[in-house]
Protein chains: 2
Amino acid sequence: MKAHPDTAKRQLLFQQFALIGHAVSSPARLAMISLLAHGEKTVDQLAGGTNQTLATASAHLKVLRAACLVTSDKRGRQVFCRLAGDNVAQFWLALRTLGEELLPEARDVARQFTDDRRALAPLSPSELAAELRNGRVTLLDLRPREEYATAHLPGARNLPAGEITAGHVAELPRKPCGRVYAYCRGPYCVMGLEGTRKLRALGLPVRRLKFSVPEWVAAGEQVVRKAG
Amino acid sequence: MKAHPDTAKRQLLFQQFALIGHAVSSPARLAMISLLAHGEKTVDQLAGGTNQTLATASAHLKVLRAACLVTSDKRGRQVFCRLAGDNVAQFWLALRTLGEELLPEARDVARQFTDDRRALAPLSPSELAAELRNGRVTLLDLRPREEYATAHLPGARNLPAGEITAGHVAELPRKPCGRVYAYCRGPYCVMGLEGTRKLRALGLPVRRLKFSVPEWVAAGEQVVRKAG
DNA sequence: GAAATACTCAAACCCTTGTTTGACTATTCT
DNA sequence: AGAATAGTCAAACAAGGGTTTGAGTATTTC
């Protein structure tokens, strides 16, 4: 039985789509994508941020580049990687959301990240947007400076989780009677969990948001992006 | 260096998400998903519809079930499989769309399916919905009877591609001065391409739509679903 | 020019996948 | 009861993936 030429084309197409599937079939690569959703990173930073050796990170990047999810360019002696487009970050969010809905085990673990009712603000992006408009909100971005610089929620102040001290907290200009929210890299960001704990230990009644910039963008809200 | 408990949970979560990635990392499994998007199928039908042996199809199904993308139940001696939800079909469409946008090779091949300007109707779902409302449209569903029965576009008539004859075409009640559109299983459906060719060879000035039921649903339009 | 940095590559390793084959089970039909 | 149907499972094999190691390259710094 001879294969129809259209059938061959169709199979080729599915093979191509499977490249993207393959790219998102490894926890390490998913971690890299979720990191890159917050801005470009060098291979080194990417390896460090996902607990991999440089060589393995480089190998995973090869797969991500083969699927055209990630592009990179060499500047000086460093290779800067970034997602190929906003649609990649949105696809990652779609995959994550589907997993949260479909996989029982994922749903269980995910709940543990949003379990601490006192420390978590159950706001959605649009609800926060409404609170921001009425003005009585202090919003903290706990991510590293470069990520904040790349894009952050409107009105957010940058307070990198690693640099939280009593001094910083004391000099925070807080709106009278306003709520204090913090976000980091998303609902499963360990740095954000710890940062929030530390802030609360220092007496700041901050609550962690369960979303970050990528989710905010996916919800159709505006961000403050780096010029140029 | 001891791993933080939250970090461990996070990795577990990413492993779970990677299950879904793995499920969509094989062309064969993608073909199965795209078939299942048109309604439940037995393992046999699924194997036949994707050119696989029964055993390989069964093995692939195991992976799809492990990712909770597909559920199945035994009725009599047959196992009926279906997508775990509408969100699975939408995720498949999101993956396909991302691939069409990102992968140059996929984009090239995809274009070949929408190249024949005379035979293809460049309508979007919302544009077709508008045409349907003004009424002068004949709409043909070329898929098998069961898929039509499961869900079809409002106003569509079922004319399975395999049963197209001059007789059938002659007795088609066509709206005066109306356009004739046909859809099958989507933009890359070979059966739909051939069915359209056959219809045109029989003198029917039909044009193929580049979407089907899943895309129509994803666009937020209503379908006629099987009762029960 | 030499050393250091930030990668990439190739080889080797092990482990996982995909496919085929044949056996096995459950269900239905006769 | 016996045969046929629909599917799963286990074993075996080839193929492909992920990680480590060590070497190699381009660029920058000293």
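The basis for the numbers below is simple: all heavy atoms, side chains too, and nothing from hydrogens, waters or symmetry mates. Here the structure is a predicted model, which is why all the values come from computation and not from measurement. A note on names: the letters A, B, ... follow the listed sequences, proteins ahead of strands, and every chain is numbered from 1.
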Can you check the Phe80(B) CZ to dA6(D) P distance for me, whole Å? 10 Å
Under the salt bridge (charged side-chain N to carboxylate O under 4.0 Å, His left out) rule, what do Glu163(A) and Arg145(A) come out as? Steps first, then yes or no, please. CA-CA 11 Å; Glu163(A) 304 175 13; Arg145(A) 299 189 189 291; 2.5 Å; yes
Rounded interatomic separation in angstrom, taking CG from Asp73(A) and C1' from dA26(D): 15 Å
Expressed in angstrom and rounded to an integer, what is the separation of Lys41(A) atom NZ from dC7(C) atom C1'? 18 Å
Which ones in residues 47-66 of chain B lie close to DNA chain C, meaning a heavy atom under 4.0 Å from one of its atoms? Thr53(B), Ala55(B), Thr56(B), His60(B)
Nearest whole angstrom, please: distance from the C1' of dG18(D) to the CZ of Phe14(B). 19 Å
Would you mind telling me which residue lines up with the more 5' stretch of DNA chain D, Asp44(B) or Ala28(A), judged by nearest nucleotide? Asp44(B)
Find the distance Leu19(A):CG to dG16(D):C1' and express it as a whole number of Å. 14 Å
dG18(D), dA6(D), dA6(C): which one has an atom nearest the side-chain heavy atoms of Arg77(B)? dA6(D)
When the distance from CD of Gln15(A) to C1' of dG16(D) is rounded to whole Å, what number comes out? 14 Å
Per nearest nucleotide of DNA chain D, the residue lying toward the 5' end, Ser26(A) or Lys74(A), is Ser26(A)
Can you figure out which of dA6(C), dG18(C), dG18(D) approaches the side chain of Arg29(A) most closely? dG18(D)
Expressed as a whole number of angstroms, how long is the span from Gln78(B):CD to dT28(C):P? 10 Å
Sequence neighbours left out, what passes side-chain contact (heavy atoms from CB on, under 4.5 Å) with Lys9(A)? Give chain and number order. Asp6(A), Val109(B), Gln112(B), Phe113(B)
Expressed as a whole number of angstroms, how long is the span from Gln45(B):CD to dT5(D):C1'? 14 Å
Lys41(B)/Glu147(B) ion pair, N-O < 4.0 Å: yes
Could you tell me if the ring centre of Phe91(A) sits under 6.0 Å from that of Phe91(B)? yes
Inspect the contact between Glu40(A) and Arg75(A) and indicate whether a charged nitrogen and a carboxylate oxygen are less than 4.0 angstrom apart. yes
Decide whether a cation-pi geometry holds between Arg96(B) and Phe17(A); the criteria are a distance under 6.0 Å from NZ or CZ to the six-membered ring centre and an angle within 45° of the ring axis. no
Pair Asp44(A), Gln78(A): side-chain N/O donor-acceptor within cut-off below 3.5 Å: no
